[in-house]
Protein chains: 2
Amino acid sequence: MHAEEVLASELANDAANEAWRLVAQLFMRRAGRAADVANSYGLTPGHMKTLLTIEPDEPKPMGALAETLHCDASNATWLVDRLEERGYVERQAHPTDRRVRTVALTPEGIKVRDEIESKLYEAPPEFSALAGAELDALCATLRKVTPAD
Amino acid sequence: MHAEEVLASELANDAANEAWRLVAQLFMRRAGRAADVANSYGLTPGHMKTLLTIEPDEPKPMGALAETLHCDASNATWLVDRLEERGYVERQAHPTDRRVRTVALTPEGIKVRDEIESKLYEAPPEFSALAGAELDALCATLRKVTPAD
DNA sequence: TATTGTTATACTCTATAACTATA
DNA sequence: TATAGTTATAGAGTATAACAATA
């Protein structure tokens, strides 16, 4: 690599880092909102995250839930206990392995989960102010840098 | 507003919401990394955030610190206590109001803070893979939607 | 014997209330 | 009297360890 290429690469990296910093700042500035949404449903952030982690019609084993939430199995038990008391989820038997208990959303849980999701994914007003073409370009670029799970 | 305009506005809103959702997903996917960085310095996320909240050469009163961190004053005391034990910060007297104690970074604190900051703001590899022009456009758009404090 | 999940318990982080010292 | 910060204490959230059921 020649000197000019090294320099160009470093500049590109600066731009990449700046883009990432802006993404992080943007999100963190709105982080308080997520806590407010959880609060408005009388949920802790952890319980809200648990609710969002379970897909409708896809019962999830306790172990998988704990893994997704990056938490301990006993903590997952506690989180699900509270959501079950509320009637948002229910534990079910696993069809083949009787050691496993899966957690499924109830109709009420699905309703609340949908409401929460739409509130969390509501864009800040600055986004709507962008021109249509710029917004489309933004989405396209963001999709490129979003790893496919 | 005519029917076509309403429709266009809703579509724009969908694009805005998608952009926001992508930003949120992007960040959350990397959220674990922040905890890892904190951990690698033997800090809790809260202590790391505290360190990042204090600017070098800008001693910050305890009260202002608590406000920035959105936490209680007693919690701020606890956070600063631990950082002070480590030698990352030190409490100083306020020049005019003797009730106030300001918190300043030590040279060691500045060093660690810089290291942490550079790790946190390091872009995911997908960003660096973007073409220069697209990266610049991304930054420009993100700056537009970043409220000026 | 190994694995899934729960229970009992302890630890960490955060907040509320009472207190000290300055203003 | 009001304010800045600390200390004592309690609460919420999370983890570790021992246990029960099943594979």
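Proteins come first, then strands; the chains are lettered A, B, ... in the order of their sequence lines, and each starts at number 1. Note that the structure is predicted; figures quoted are calculated from it, not measured.
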Just checking R91(B): base, sugar-phosphate only, or nothing, at a heavy-atom cut-off of under 4.0 Å? sugar-phosphate
May I have the distance from D72(B) (atom CG) to dA18(C) (atom C1'), rounded to whole angstrom? 13 Å
Whole-Å gap separating C1' (dT4(C)) and CD (Q92(A)): 17 Å
Report yes if a side-chain nitrogen or oxygen of N75(B) is closer than 4.0 Å to either non-bridging phosphate oxygen (OP1 or OP2) of dC13(C); otherwise report no. no
For E90(B) and T106(B), which I'm curious about, is there any donor-acceptor pair between the side chains at under 3.5 Å? no
Min and max contacting nt of DNA chain D in 5' to 3' order, chain A heavy atoms within under 4.0 angstrom, are dG13(D) to dA23(D)
Distance-only polar pair, side chains of T44(B) and H47(B), donor-acceptor under 3.5 Å: yes
Can a donor-acceptor pair be found between the side chains of E115(B) and Y41(B) at a distance below 3.5 Å? yes
Considering only dT16(C), dT6(C), dC13(C), which nucleotide approaches the side chain of R101(A) most closely? dT6(C)
Provide, to the nearest angstrom, the distance between the CG atom belonging to D81(B) and the C1' atom belonging to dC13(C). 14 Å
With no hydrogens and no angle check, do the side chains of K119(B) and S40(B) hold a donor and an acceptor under 3.5 Å apart? no
Distance, rounded to the nearest Å, where R82(B) contributes CZ and dT12(C) contributes C1': 11 Å
Over 12 non-hydrogen atoms of neighbours within 6.0 angstrom of CG in D57(B): no
How close or far is atom P of dT12(C) from atom CH2 of W78(B), stated in whole angstroms? 9 Å
If the plane angle is over 60° it's perpendicular, under 30° parallel, otherwise tilted; pick one for F127(A) and W20(B). perpendicular
How close or far is atom P of dT4(C) from atom CD of E67(A), stated in whole angstroms? 10 Å
With side chain to side chain contact (heavy atoms under 4.5 Å, CB included) as the test, would you mind laying out the steps for L65(B) and L79(B) before giving the verdict? CA-CA 10 Å; L65(B) 192 59; L79(B) 290 165; over 6 Å; no
In this structure, how many angstroms lie between the P atom of dT14(C) and the CG atom of L79(B), rounded? 6 Å
From CE of M62(A) over to P of dT3(C), roughly how many Å is that when rounded to an integer? 19 Å
Assign each of A73(A) and A64(B) to its nearest nucleotide of DNA chain D by heavy atoms, then name whichever residue's nucleotide is nearer the 5' end. A64(B)
Identify which nucleotide among dG5(C), dT3(C), dT14(C) has an atom closest to any side-chain atom of R99(A), counting heavy atoms from C-beta outward. dT3(C)
